[in-house]
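These numbers were taken from a predicted model, which means no experiment stands behind them. We name chains A, B, ... by the order of the sequence lines, and we start the count at 1 in each one.
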Amino acid sequence: MAFNNLTEFLAMGTHGAYVWSAYGFSVLALIWLVWNTLSTRQKTRNILRKRLLRNQNR
Amino acid sequence: MTYYSFLTAECLVLWRRKQDVFNALMFFVIVIALFPIGINSSPEFLAPAAAGIIWCAAVLAILMAVEGMFKEDYRDGSLEQLVVSGLSLPLLILLKVAAQWFVVVLPLLIIMPLLSEMLYLPRSGFWVLMMTLLLGTPSLFLIGVMGAALTVSLRQGAVLVMLLILPLYLPVIIFATLAVQAAQIGLPYAGLLAMLSALSLLFLVISPFIAAIAVKASVN
Amino acid sequence: MTYYSFLTAECLVLWRRKQDVFNALMFFVIVIALFPIGINSSPEFLAPAAAGIIWCAAVLAILMAVEGMFKEDYRDGSLEQLVVSGLSLPLLILLKVAAQWFVVVLPLLIIMPLLSEMLYLPRSGFWVLMMTLLLGTPSLFLIGVMGAALTVSLRQGAVLVMLLILPLYLPVIIFATLAVQAAQIGLPYAGLLAMLSALSLLFLVISPFIAAIAVKASVN
Amino acid sequence: MQPSASLAISDLWIERGDRDLCKGLAFTLQAGEVVRILGENGAGKSSLLKVIAGILSPLEGKIVYSGEDVTLDRSTLQQDSLYIGHSVGVKGLLTVEENIRCYYPSIAASRLASVLAALGLDDQSDALVKTLSAGQMRRVALARLWLSDKTLWLLDEPFASLDATGVALAEEQIKQHILSGGLVILTTHQDVLSFSYRDVVLLS
Amino acid sequence: MQPSASLAISDLWIERGDRDLCKGLAFTLQAGEVVRILGENGAGKSSLLKVIAGILSPLEGKIVYSGEDVTLDRSTLQQDSLYIGHSVGVKGLLTVEENIRCYYPSIAASRLASVLAALGLDDQSDALVKTLSAGQMRRVALARLWLSDKTLWLLDEPFASLDATGVALAEEQIKQHILSGGLVILTTHQDVLSFSYRDVVLLS
Amino acid sequence: MNWRWLHKLGSPKWFFFCFKSWALPLFCIGCFALMVGLIWGLAFAPVDYQQGNSFRIIYIHVPVAMLAQSCYLALGLSGFVFLVWQIKIAPIFIKAMAPIGAVMALIALVSGAIWGKPTWGTWWVWDARLTSVLVLFFLYMGVITLQRALEDIALANKAAALISVVGLINLPIIKYSVVLWNTLHQGATFTLTKKPEMPSEMWLPLLISVIGLYCFVAGLVLWRMQSEILQREHRASWVQQEVMENGL
Ligand code: HEM
Ligand SMILES: Nc1ncnc2c1ncn2[C@@H]1O[C@H](COP(=O)(O)OP(=O)(O)OP(=O)(O)O)[C@@H](O)[C@H]1O
Ligand SMILES: Nc1ncnc2c1ncn2[C@@H]1O[C@H](COP(=O)(O)OP(=O)(O)OP(=O)(O)O)[C@@H](O)[C@H]1O
Ligand SMILES: [Mg+2]
Ligand SMILES: [Mg+2]
């Protein structure tokens, strides 16, 4: 552990704002990517199921 | 049709075109990147030129947005319907311009910190730049809408009008860039901002009417 | 329809639209005027930046010209007719590009002496600038036509075109401005001109085909 | 809907480009009547409708609507009329439902659904209009006939690109309208109409 | 003009958006025949014509033109066919004459004049097409029927917005074409055609 | 040479079932490794004596910058593969990969810019490397918009493949031109700091997060491709079976 306590860890020397904003943005973007992927997956399946049911009824 | 339902429909169409708004933003960024790459990328060159470059790109983005504003409506006959709707045509046009302005300028303001950083615009100039954009872009839209209305159907005389419109942009650009430069070197800039606002107000009053006349002339 | 009659009709349409060409030119001049007016008018500032300014303005003017190249044809169904004409679509597109290139670039070259004088471009740079424009602008058009073809069926596609193609423009701009700057300070520039020609040739070969595919995709 | 409205046009003269159209035309229209404008291609039918709707101005002539001279200012007439031109005025980027709501914002969902069902558009109410066929697009525009409370209908080739069912539907709607005292002026190149009408012939 | 051409379509299946059109459609067409595609609005008539013209690709099916399978590459068919769609393919910024010359560059002036006279456009040959009426614009597009040397005609509602004279003229031209061994596929919502034809019905 | 295996691999159905069960494990491994790498780097790696703690941004910046470039390479290559062999899976891959690459380029830009402030004193310089990443981002956006713009799938495939290949050809040209442009006149005012003589506690977490990010991206791409395959092959009976049986 390079830091003695949590405050020091959060402060990152004098660079806390930079490090945490960089990580924050990166992690948010990655999470968005995952969310987008999974929701597209879900949506595709829903649409396909609906279309399938509609064509079966005809 | 009511004013409200018209505005709703406009917003819906804009929403369907959100990709376009995003693209406009990208375009704006790319045009701005063009200048450092094409001319000179040193801070000594960019810092004083930043406001000019940003305004130039904004003018272009707005020109693109405004230019085709009535094209689609003209083609599908919606424009005719506006004329015969019995509602006030200038007001409808104003609503349309306002919706368009929001959609184009707001995102632009949001990414402005990023861009001004890329062009080394000094802090002192940044807020003035934002002010000039807020106060100046309405006149760009309002001037543009007149041109767009006149050129919907490419009637004769479009030459003259386009030639009138483009130079009308110049004072706006000059006042805006002067204001930012004045702020950068610590000179007073309030007067220039006032000029910008005055221009916007002036066109707010006259341009819907002129545009309405032009639209009426174009749909026949 | 033959290739020749197609070209004739294209030229006629361009002639009917001469005001648009003229406007593009005006736009070009205004963008260029913006720099001395909005930023700094001293020769020390302008002379080294001149080539870059001219090229940036040229790129923008060309973008405006190219972007709507297929719009009208798409709307009135002429584009469909080209697809079903049984003629080679890439060749037709190439003809169209060539016509457009003549119409836009020639006037630009003609007013160039004036503009380069206004921006204090040194004599040593002038002919190289002309060369870069002659050799470089074909690739700008050829790249642009791909974007235009891809976006015909999309309303408000103008911005999208630019997003698509501006990244590809960067090398052209960089090589061109580097060549002029090299000439100004007496360095060899032949290699850079060769690079420009190579780029133009490269896109001459690939872009009509890509554009043809895009047109086919768009007309359905 | 205004009871016992009337339209009187006299001494008309329209100029388009360098052509004189409808020179000396005069006709009147009472509540419950249909006028079909008849004329060859280019005779000036569309121009005449546009003049009445207030999109164009006539060179000379007088247009009187319900006793009021509206030649110079067509706005009272516009308040009370419905114009559907060659380009039908529906937006490709809005769905069928949104397009109709643009003209009739406060319409109840059930009413809208029944109109769409009548027009055979019920399973496409969420489709963007630009993905519809020519006839379907025309049907979207004609939905306004079902919902309109305007007295004077100005319809420029309302049956264009409609199939037989579509024509019958639209004709039925026009019939209803004149029964309840409306006024209709329409142009069409179709021969047989299922309601009684009067022809006004334009010479070219 | 190719003698004794023929078109055979089988097992067609077109997809537009999420709609399946023309499923399982099959028909053949011999020299001198006219097929009228019949169907409600939205049945897929225009889509079918676009598929044959090579503007769209079918999902499945086979298109054979004069014995050659052109399903994947429609270019030989395109060499020999004339397609006029809902949007007619005339340029608003060109004059009538220039529009026609664009398609038929080497046509003699006298021939052009006679065609324009037949179409009633003789006094407007120098007018920009955007200033014409709907029917006149359609006539300009139909001028290609007079001048064409193509075998297969694909006409999407060719009579739309034409007046009675115009329809008669166009019908006459189609009659001529099939007499000289041409093939015609057209869609129209008009009932009575003055030549013999076969219906192909699209169910929707 | 027998290309059968390639076409077999390129058949969407085969691909779907072959890699169906890979996505989740890859994604989980990726997440885990990324987490280990990042936390190690953030909390446990020793401080850089020159840059202080701001150097910890490296653990996200470098993996992401590497991915941004690898993704475009993959894009261009699969475009090429599609044009030459007509492998059906290639355009699906392009469609799935482009947004991921764009996000990677964006993160590289943003994290780099944030890093630049404490180290160079400015968010942005028009340096060759930075500029070419910016251009890379725009190229990604171009491919994405292109895919969206064209509705006809067959032609969208071809066009996107072509544009990816054009971009691939163009990328070295861009890079070369940018380097030339930036060094001729200005001279590099700033250069990226040379890789320091890192102790292993420093580079090990970096290596782990790089590997983690690769796995993470691979998992995401597989998922996206699966959705795309289902959508495109929706008429096939195996898809209908798949959709009805396995909800998600
Ligand atoms: C927006 C700004 C920046 C961009 C677009 C950017 C881009 C890149 C790229 C493309 C790489 C190459 C990754 C690879 O393939 O190995 C890289 C690596 C690297 N960057 Fe950045 N960077 C930026 C800012 C910075 C800053 C401010 C620093 C620190 C002072 C930095 C330090 C590094 C380091 C240390 C590497 C690893 C070098 C190596 O392994 O060769 N970068 N960056
Ligand atoms: N561009 C498109 N995108 C998606 N769907 C479309 C598109 N064009 C048409 N469709 C759909 O395909 C169907 C058939 O359209 P098409 O234009 O072929 O009909 P049509 O038979 O010509 O009808 P009409 O008589 O009205 O001209 C319609 O239901 C329409 O919704
Ligand atoms: N924008 C315009 N500019 C100049 N002339 C025009 C314009 N629009 C129409 N005209 C002319 O006016 C005449 C009448 O046009 P109009 O559209 O009213 O005819 P129409 O009776 O509706 O014909 P159609 O049956 O073909 O629709 C035409 O001869 C046309 O040339
Ligand atoms: Mg008419
Ligand atoms: Mg149709």
Side-chain angles (χ1 to χ4, degrees), chain A, chain F residues 23 27 31 34 38 41-47 51-57 59-61 63-64 96 99-100 102-104 106-108 110-119 201 213 216-217 219-224 226-231 233-235 239-240 242-244 246-248:
Chain A
M1 188 86 186
F3 301 95
N4 298 320
N5 54 40
L6 192 64
T7 357
E8 218 174 88
F9 178 56
L10 289 180
M12 286 274 162
T14 50
H15 295 136
Y18 299 114
V19 174
W20 291 117
S21 58
Y23 274 81
F25 178 85
S26 312
V27 169
L28 279 184
L30 292 181
I31 287 176
W32 176 83
L33 203 56
V34 174
W35 172 82
N36 179 271
T37 303
L38 293 181
S39 76
T40 322
R41 186 176 139 89
Q42 184 67 58
K43 247 187 263 167
T44 312
R45 296 209 177 229
N46 286 344
I47 290 172
L48 289 187
R49 187 168 314 126
K50 238 193 268 170
R51 184 191 297 219
L52 197 61
L53 290 177
R54 195 181 65 194
N55 285 353
Q56 273 173 358
N57 289 343
R58 268 215 248 164
Chain F
F27 178 74
C31 273
L34 203 56
L38 293 188
L42 268 176
F44 298 96
V47 175
Q51 299 191 7
N53 281 310
S54 70
F55 104 97
R56 291 177 196 281
I57 296 177
Y59 296 109
I60 191 74
H61 174 76
V64 151
I100 299 179
V103 170
M104 292 301 148
L106 184 67
I107 302 179
V110 172
S111 63
I114 294 175
W115 195 359
K117 191 65 185 174
T119 30
E201 309 89 83
L213 197 64
F216 177 87
V217 164
L220 285 185
V221 140
L222 284 179
W223 265 332
R224 296 183 89 97
Q226 285 168 9
S227 311
E228 192 60 30
I229 290 174
L230 289 185
Q231 212 163 2
E233 305 280 308
H234 67 86
R235 260 169 261 94
V239 171
Q240 304 189 340
E242 175 71 22
V243 168
M244 294 319 282
N246 313 339
L248 182 75

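- Here A:Arg45 contributes atom CZ and F:Ser227 contributes atom OG; the two are 7.5 Å apart, rounded to the nearest 0.5 Å.
- Distance check, rounded to the nearest 0.5 Å: CG of A:Asn36 to CH2 of F:Trp223 gives 13.0 Å.
- F:Val239 touches chain A through its side chain: at least one heavy atom from C-beta onward sits under 4.5 Å away, while N, CA, C and O do not.
- Nearest heavy atoms, F:Ile107 versus A:Ser26: CG2-OG, 3.3 Å.
- The contact between A:Phe25 and chain F is made entirely by side chain atoms (from C-beta outward), counting heavy-atom distances below 4.5 Å.
- Within the 4.5 Å cutoff, no side-chain heavy atoms of A:Val19 are placed close to those of F:Trp115.
- Once rounded to the nearest 0.5 Å, the distance linking OG1 of A:Thr44 with CD of F:Gln226 reads 11.0 Å.
- The CH2 atom of A:Trp20 sits 9.0 Å away from atom CZ of F:Arg56, with the distance rounded to the nearest 0.5 Å.
- Both the backbone and the side chain of F:Gln231 come within less than 4.5 Å of a heavy atom in chain A.
- Contacts between A:Leu30 and chain F at a heavy-atom distance below 4.5 Å involve backbone atoms as well as side-chain atoms.
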| request: Please report the C-alpha distance between A:Thr37 and F:Arg224 in whole Å, then the side-chain angles of each, then the deciding distance to 0.1 Å, and finally whether the side chain to side chain donor-acceptor pair (under 3.5 Å) criterion is met. | output: CA-CA 6 Å; A:Thr37 303; F:Arg224 296 183 89 97; 2.9 Å; yes

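- Taking both residues in full, the closest heavy atoms of A:Leu33 and F:Pro99 are given as CD1-O, 4.4 Å, listed atom of the first, atom of the second, then distance.
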